[in-house]
Amino acid sequence: MAPSIDFSRLWGKDSSRKGTPVVVTMENPNYSVLEIDGPDAAFRPVDKDRGKNAKQFTWVLLLKAHRAVGCLSWLGNALWILLGAIKKRLIFGQGVTMENEKSGRGRLLFRTILAFLLMSLAFLAFEVFAHFNGWHYFHNHGLHIPQTLEIKGWLHAIYVAWLEFRADYIAPSIQVLSSFCVALFLIQSADRMLLCLGCFWIKYKKIKPRIEGDPFKSDDLEGLGYDYPMVLVQIPMCNEREVYEQSISAVCQLDWPKDRLLIQVLDDSDDESIQWLIKGEVSKWSQKGINIIYRHRLVRTGYKAGNLKSAMNCDYVKAYEFVAIFDADFQPNPDFLMQTVPHFKDNPELGLVQARWAFVNKDENLLTRLQNINLCFHFEVEQQVNGVFINFFGFNGTAGVWRIKTLEDSGGWLERTTVEDMDIAVRAHLNGWKFIFLNDVKVLCEVPESYEAYRKQQHRWHSGPMHLFRLCLPAIITSKIAVWKKANLILLFFLLRKLILPFYSFTLFCIILPLTMFVPEAELPVWVICYVPVFMSFLNILPAPRSFPFIVPYLLFENTMSVTKFNAMVSGLFQLGSSYEWVVTKKAGRASEPDLLAAAERETKAMNHPQLYRGSSDSELSELNKLKEHQETAPKPKKTNKLYRKELALAFLLLTAAVRSLLSAQGVHFYFLLFQGVSFLLVGLDLIGEQMS
């Protein structure tokens with residue numbers, strides 16, 4: 001039906017208005033009502049909200065309501081799963097085992113945290129009782145002590161005495177300790193900012209090591225020959241059933257003249273079945289013309305350092321000029337040596353060329369994503385900046401090429417610590433050798449997918465440097481390097497980045513912050529617990545921009561890991577039992593897409609052409625085939641989880657402090673303590689990362 005036009009409202013309008021007002025009434029509900037005051041009114045801007053269709057507005061409201069309900073449903077489901085996990089794992093103990101604390105230091109730390117938890121529960125009960133009795137003596141963050149006449153009853157008197165004791169003795173001590181930790185926090189934050197500025201400068205100026213000309217071209221008259229140096233490649237491994245095949249395969253495909261390359265597979269496995277599998281893989285590549293040998297030590301001492309030291313003592317090593325080292329889960333590209341070894345040409349002071357790591361399983365779960373953030377910052381910022389500006393950084397233990405003369409001049413591999421890579425790097429630096437970091441050369445590897453494996457790895461990475469610091473300090477002080485290099489080694493490399501970081505992170509956010517909820521006189525400012533940590537987390541995530549959605553989980557998880565790092569740091573500093581403990585990081589055997597395609601191609605060729613192992617007897621071949629068949633058909637062991645006592649105790653301590661903060665109406669403190677407590681609870685119940693057998 002056509003719309004009708006009503007002129008009745010025309011006569012009620014003010015005659016002073018210009019134009020002829022027209023009211024158009026649309027009977028069809030799909031039309032909008034529009035009032036035109038004059039001939040130019042149609043060309044003036046119209047309020048868009050008034051022009052919205054009622055049905056569209058309704059759909060927008062319904063969509064927003066649907067999203068809100070979905071978010072609430074997701075939160076409720078997550079809370080239900082968490083409560084179910086607490087009931088199953090913590091209360092009934094189904095499918096879990098308790099963490100085994102070998103060191104006395106770990107047990108002492110747990111008892112200390114447990115004592116704080118019990119005290120906080122007692123204080124919380126007392127504070128709740130006082131709150132419901134109306135004993136409110138805080139106004140504008142100031143403490144008001146009541147007079148004697150205002151005290152009613154002996155409980156009230158005890159509470160008032162507690163307030164006086166807390167304000168006079170406990171609060172000043174906490175304030176002194178918190179001020180010290182905040183100062184360390186700001187110093188470490190300034191160091192991070194300087195590193196980031198250095199990285200930005202490198203990007204802006206496009207500074208990076210470059211290869212000039214053709215470094216291997218010989219100087220003969222014809223100029224047609226190439227002179228490649230002798231390169232030794234070492235693959236140290238120990239019980240690496242999941243990854244030995246892909247690592248050996250990748251190294252054997254390196255683009256380098258075969259007569260100038262030797263590959264050593266340094267197997268420290270104590271499982272004979274794994275030894276046979278690795279021997280078979282080495283034999284297979286040896287038949288293809290690869291210069292590869294298998295070595296197994298009878299006396300397995302010194303962990304990885306002892307393995308490398310034993311291999312370097314072979315007589316034939318004297319004929320080689322450089323040595324490249326790859327851990328068992330590393331898969332270098334074929335052009336790795338072509339991109340690294342040329343940097344040594346015409347650079348006699350260069351002792352090490354370090355490549356960057358890339359991870360095939362970085363998107364496997366939340367734990368691997370968070371590790372990727374940390375390691376991207378380590379390589380992109382820390383290693384690159386130190387390599388460009390001071391030609392020194394810690395050797396990463398793998399994916400690097402050493403000049404063998406550098407190793408010999410620095411004393412070779414020593415078995416005194418579990419961080420033999422950092423040990424040899426420090427000694428080489430003290431002898432004047434320079435290092436180069438190649439951010440563009442990446443080597444594929446794995447990060448731990450379970451919290452148990454990651455926790456053990458971090459313990460070794462944080463206890464070893466402190467143990468090494470005690471051993472190297474006299475040599476650093478008496479060395480002949482420049483004073484500023486000594487200061488960089490002692491103050492920045494060891495103290496600030498290896499000792500101060502885990503100390504203040506654990507003390508400030510896991511101990512002092514919850515205590516200040518029960519001692520409001522020593523309350524931490526908001527910028528310490530919110531603004532600065534978020535800003536520093538933002539800087540850490542910059543090298544991995546795809547990880548920005550994980551900035552909050554990253555911040556919480558880093559604080560959660562501080563208890564493990566703090567315990568490891570103290571163990572290494574005071575040379576406790578766990579400071580010289582090496583646990584091989586469990587691997588999952590992940591492979592990149594090109595590796596999977598190459599493996600499929602090799603399987604196809606193997607079906608068409610059965611492999612022959614020269615030099616092996618029939619009994620050895622049959623035994624090897626049986627081992628492979630058993631490996632494929634053997635049932636996988638049942639996967640179990642662990643309960644981590646220190647993390648669980650800290651979770652309940654932080655959640656108790658969060659409840660106490662509600663009485664003081666501390667919003668930011670409450671949310672931080674709540675989310676941090678939940679983070680500790682998830683880690684303590686082993687709900688983060690993949691379960692490993």
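Throughout, numbering of the chain's residues begins at 1 and tracks the sequence.
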Can you tell if the side chain of [X] reaches within under 4.5 Å of the side chain of [Y], non-hydrogen atoms only?
X: Lys203; Y: Glu380; result: yes
X: Ile490; Y: Ile476; result: yes
X: Leu513; Y: Leu508; result: no
X: Met466; Y: Ser571; result: no
X: Phe557; Y: Val683; result: yes
X: Phe392; Y: Asn386; result: no
X: Cys445; Y: Phe359; result: yes
X: Thr368; Y: Asp363; result: no

- Message: Let's go through Asn372 and Ser547 carefully: what are the C-alpha distance in whole Å and the side-chain angles of both, what is the deciding distance for side chain to side chain contact (heavy atoms under 4.5 Å, CB included) to 0.1 Å, and is it a yes or a no?
- Response: CA-CA 9 Å; Asn372 180 61; Ser547 301; 4.2 Å; yes
Under the side chain to side chain contact (heavy atoms under 4.5 Å, CB included) test, which residues partner [X], sequence neighbours left out?
X: Ser179; answer: none
X: Leu471; answer: Arg416, Thr417, His467, Gln575
X: Gln458; answer: Tyr454, Trp461, His462, Met561, Lys565
X: Leu177; answer: Cys181, Thr507, Ile512

If we ignore hydrogens and angles and just use 3.5 Å, is the side chain of [X] paired with the main-chain N or O of [Y] as donor and acceptor?
X: Arg369; Y: Glu364; answer: no
X: Asn361; Y: Glu446; answer: no
X: Gln383; Y: Gly394; answer: yes
X: Thr516; Y: Val519; answer: no

- Task: With sequence neighbours excluded, tell me which residues meet side chain to side chain donor-acceptor pair (under 3.5 Å) with Lys486.
- Result: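 Checked Lys486 against side chain to side chain donor-acceptor pair (under 3.5 Å); zero matches.
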- Can we call the ring centroids of Phe493 and Phe393 under 6.0 Å apart? no
- Message: For Tyr554 and Phe550, I'd like to know if the aromatic rings sit close, meaning centre-to-centre distance below 6.0 Å.
- Response: no
So, taking the atom named [atom1] in [X] and the one named [atom2] in [Y], what distance separates them when rounded to the nearest 0.5 Å?
X: Arg356; Y: Leu375; atom1: CZ; atom2: CG; result: 9.5 Å
X: Cys376; Y: Arg546; atom1: SG; atom2: CZ; result: 10.5 Å
X: Leu685; Y: Leu648; atom1: CG; atom2: CG; result: 5.5 Å
X: Phe379; Y: Asn374; atom1: CZ; atom2: CG; result: 11.5 Å
X: Thr418; Y: Tyr303; atom1: OG1; atom2: OH; result: 8.5 Å
X: Leu109; Y: Thr564; atom1: CG; atom2: OG1; result: 9.5 Å

Taking all atoms of both residues into account, what is the closest heavy-atom pair of [X] and [Y], and its distance?
X: Ser537; Y: Ile551; result: CB-CG1, 4.0 Å
X: Ser178; Y: Leu524; result: CB-CD2, 3.8 Å
X: Ser120; Y: Leu653; result: OG-CD1, 3.5 Å
X: Ala522; Y: Ile174; result: CB-CG2, 3.8 Å
X: Pro543; Y: Val381; result: CG-CG2, 3.8 Å
X: Pro514; Y: Leu654; result: CG-CD2, 3.9 Å

- Item | Parallel, tilted or perpendicular, as decided by the 30° and 60° cut-offs, for the rings of Phe503 and Phe180 | perpendicular
- Item | Test salt bridge (charged side-chain N to carboxylate O under 4.0 Å, His left out) applied to Lys362 - qualifying residues, sequence neighbours left out | none
- Test side chain to side chain contact (heavy atoms under 4.5 Å, CB included) on Leu489 and Lys485 and set out the steps. CA-CA 6 Å; Leu489 268 178; Lys485 291 185 177 181; over 6 Å; no
According to ring pair (Phe, Tyr, Trp, His ring centres under 6.0 Å), who are the partners of [X], at least two apart in sequence or on a separate chain?
X: His669; result: none
X: Phe469; result: Phe494
X: Phe126; result: Tyr159

- Query: Do you see a donor-acceptor pair shorter than 3.5 Å between the side chains of Glu449 and Asn365?
  - Reply: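 The criterion, which ignores hydrogens and geometry beyond distance, is not satisfied for Asn365 and Glu449.
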Please list every donor-acceptor pair under 3.5 Å in which a side-chain atom of residues 674-681 meets a protein atom from a residue at least two apart or in another chain.
{"unit_1": "Gln676", "atom_1": "OE1", "unit_2": "Asn559", "atom_2": "ND2", "d": "3.1"}
{"unit_1": "Gln676", "atom_1": "NE2", "unit_2": "Leu556", "atom_2": "O", "d": "2.9"}
{"unit_1": "Gln676", "atom_1": "NE2", "unit_2": "Thr560", "atom_2": "OG1", "d": "3.1"}
{"unit_1": "Ser679", "atom_1": "OG", "unit_2": "Thr560", "atom_2": "OG1", "d": "2.8"}

- Evaluation steps, salt bridge (charged side-chain N to carboxylate O under 4.0 Å, His left out), between Glu647 and Arg455: CA-CA 12 Å; Glu647 284 80 357; Arg455 189 169 180 265; 3.5 Å; yes
Under 3.5 Å, side-chain donor or acceptor atoms of residues 188-200 against the rest of the protein: list the pairs with distances, not counting sequence neighbours.
{"unit_1": "Gln188", "atom_1": "OE1", "unit_2": "Tyr504", "atom_2": "OH", "d": "2.9"}
{"unit_1": "Ser189", "atom_1": "OG", "unit_2": "Phe185", "atom_2": "O", "d": "2.8"}
{"unit_1": "Asp191", "atom_1": "OD1", "unit_2": "Arg497", "atom_2": "NH2", "d": "3.0"}
{"unit_1": "Asp191", "atom_1": "OD2", "unit_2": "Arg497", "atom_2": "NE", "d": "3.1"}
{"unit_1": "Arg192", "atom_1": "NH1", "unit_2": "Asn540", "atom_2": "OD1", "d": "2.9"}

- Could you give me the CA-CA distance, side-chain angles and deciding distance for Glu420 and Arg460, then say whether salt bridge (charged side-chain N to carboxylate O under 4.0 Å, His left out) is met? CA-CA 11 Å; Glu420 75 295 326; Arg460 176 165 53 87; 6.0 Å; no
- Message: Checking Leu117 against Ile113 for the side chain to side chain contact (heavy atoms under 4.5 Å, CB included) test, could you report, in this order, the C-alpha distance in whole Å, the side-chain angles of both residues, the deciding distance, and whether it holds?
- Response: CA-CA 6 Å; Leu117 173 60; Ile113 297 172; 5.6 Å; no
- Message: Against the six-membered ring of Phe110, is Arg645 placed for a cation-pi contact (under 6.0 Å from the centre, within 45° of the normal)?
- Response: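 Here Arg645 passes the 6.0 Å and 45° test against Phe110.
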- Report the C-alpha separation of Val534 and Leu555 in whole Å, then their side-chain angles, then the decisive distance to 0.1 Å, and conclude whether the side chain to side chain contact (heavy atoms under 4.5 Å, CB included) test is met. CA-CA 7 Å; Val534 170; Leu555 172 61; 4.1 Å; yes
- Query: Can you pull the ring pair (Phe, Tyr, Trp, His ring centres under 6.0 Å) pairs that have at least one residue in residues 517-541, sequence neighbours excluded?
  - Reply: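 Residue pairs with at least one partner in residues 517-541: Phe538-Phe548.
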